[in-house]
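What follows is one structure encoded as structure tokens, with my remarks underneath.
Naming: A, B, ... by sequence-line order, numbering from 1 per chain.
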2 protein chains.
Amino acid sequence: MDINKDISKEDILAIKDAIELLGGKWKFCILYHLNTYQTMRFKDLQEMSVGITPKVLSKQLQELEDNLLITRTVNNTKPVTVSYAPTKYAEEINPVINALLSFGSKHREKIKEK
Amino acid sequence: MDINKDISKEDILAIKDAIELLGGKWKFCILYHLNTYQTMRFKDLQEMSVGITPKVLSKQLQELEDNLLITRTVNNTKPVTVSYAPTKYAEEINPVINALLSFGSKHREKIKEK
DNA sequence: ATAGTCACTTTCCTAAAGGGAACCGATAGT
DNA sequence: ACTATCGGTTCCCTTTAGGAAAGTGACTAT
């Protein structure tokens with residue numbers, strides 16, 4: 001019984017960590033876009049993520065990079081462009097994105113019924 | 001091409017809706033506990049969700065009920081107790097919880113490495 | 001010289017989330 | 001009369017997320 005309690009405590013910590021990292025208004029959308037296009041510039045991401053401001057986008061990208069989910073590459077172009085791409089490790093996020101997407105679609109229908 | 005763009009816009013809306021509903025510090029933990037025990041009283045939930053205050057717990061539960069994910073039942077006991085239980089529909093959340101839990105566990109390991 | 005592009009940063013602000021502590025009403029036990 | 005339990009609510013406060021708008025620096029094109 002105590003064993004099970006410990007396991008569920010670990011589970012709670014894992015869930016809390018995950019949602020602390022991925023929660024918020026933009027992270028999943030950014031990862032979804034990067035997942036789709038594989039590599040995008042700052043401006044691309046800004047245009048795809050309708051409504052985001054450069055300040056906020058910049059912060060989200062930094063946090064994702066800090067957590068090893070994306071890479072940032074400065075290109076030798078003029079004017080400078082910067083490419084963002086998901087890491088191999090970011091594939092671990094895909095099940096979460098897909099589950100969230102699936103639930104979100106169903107839920108939009110469900111709430112429409114009311 | 002335009003078709004694909006429309007599909008991805010719908011996807012983004014679905015993801016945004018889902019994270020708007022389930023984001024925040026406590027919702028997934030509450031759903032995880034209810035998923036495990038099936039029916040819990042207010043006080044049980046308060047004790048399991050370490051650190052939560054009654055005000056915040058109350059708000060989370062109301063939002064989950066509004067979204068048809070849990071039911072609230074007042075019991076005929078003394079003093080009054082209130083039971084919360086996941087709805088059948090709440091099963092749709094399980095894949096999200098599991099994916100988040102799985103990623104969270106892996107990520108805790110990953111970050112420990114650094 | 002001027003205007004434009006890109007990837008930001010800076011400053012200022014507001015709204016929302018969340019926490020602390022106390023309180024409440026109904027009821028029960030001693 | 002006093003204390004406790006349960007499921008909250010109320011009030012106040014701090015922290016954080018996020019948005020608006022402007023600016024910056026390196027470079028290019030006209």
| task | Among the candidates D:dG18, C:dA7, D:dG7, find the nucleotide nearest to the side-chain atoms of A:Gln60. | result | D:dG18

| task | Please step through salt bridge (Lys or Arg N to Asp or Glu O under 4.0 Å) for the pair B:Lys110 and A:Glu92, ending with a clear verdict. | result | CA-CA 11 Å; B:Lys110 184 90 176 178; A:Glu92 307 281 351; over 6 Å; no

| said: Measuring only between side-chain heavy atoms, which start at C-beta, is A:Leu57 closer than 4.5 Å to A:Trp26? | reply: no

| said: Can you see if the side chain of B:Arg72 gets near the phosphate of D:dG8 - specifically, an N or O under 4.0 Å from OP1 or OP2? | reply: yes

| note | Of the candidates D:dT9, D:dG7, C:dC6, the side chain of B:Pro54 sits closest to D:dT9

| task | Tell whether B:Lys55 reaches the base of D:dG8 with its side chain through a donor-acceptor pair below 3.5 angstrom. | result | no

| Under a 4.5 Å cut-off applied to non-hydrogen side-chain atoms, are A:Phe42 and A:Pro54 in contact? | yes

| request: To the nearest Å, give me how far apart CD (A:Gln46) and P (C:dC8) are. | output: 10 Å

| Nucleotide D:dT9, atom P - distance to CD1 of B:Ile52 in whole Å | 13 Å

| request: Indicate whether OP1 or OP2 belonging to C:dG18 is found under 4.0 Å from a side-chain N or O atom of B:Lys25. | output: no

| query | For the pair made of CE in A:Met40 and C1' in C:dC6, what is the distance, rounded to whole Å? | reply | 15 Å

| request: Compare the minimum distances between each of C:dG19, D:dC6, C:dT9 and the side chain of B:Thr81, then state the nucleotide with the smallest one. | output: D:dC6

| C:dA7, C:dG20, D:dG8: which one has an atom nearest the side-chain heavy atoms of B:Tyr84? | D:dG8

| field | B:Ile19 CD1 - C:dA17 P separation (whole Å) | value | 14 Å

| remark: From CD of B:Glu65 across to C1' of D:dG8 the rounded distance in Å is 14 Å

| request: Return the value, rounded to whole Å, for the distance between atom CG of B:Asn76 and atom P of C:dT27. | output: 10 Å

| field | Rounded interatomic separation in angstrom, taking CZ from A:Phe42 and C1' from C:dA7 | value | 6 Å

| query | Which pair of non-hydrogen atoms, one from B:Ile15 and one from A:Phe28, has the smallest distance, and what is that distance? | reply | CG2-CB, 3.6 Å

| remark: Result for 5'-nearest mapping on DNA chain D, choosing between A:Trp26 and B:Ser58, is B:Ser58

| said: Using whole Å, what does the distance between atom P of nucleotide C:dA17 and atom CD1 of B:Ile30 come to? | reply: 14 Å

| Closest listed nucleotide, where the reference is the side chain of B:Lys78 and the choices are C:dA28, C:dG19, C:dT9 | C:dA28

| task | Compare the minimum distances between each of C:dT9, D:dT5, C:dG18 and the side chain of B:Pro79, then state the nucleotide with the smallest one. | result | D:dT5

| query | Is B:Glu20 atom CD crowded by more than 12 heavy atoms from other residues, nucleotides or ligands, each under 6.0 Å away? | reply | no

| query | How do A:Val56 and B:Val80 order along DNA chain C: which one's closest nucleotide is nearer the 5' end? | reply | A:Val56

| task | Nearest-nucleotide wise, let me know which of B:Gly51 and B:Lys59 is further upstream toward the 5' end of DNA chain C. | result | B:Lys59

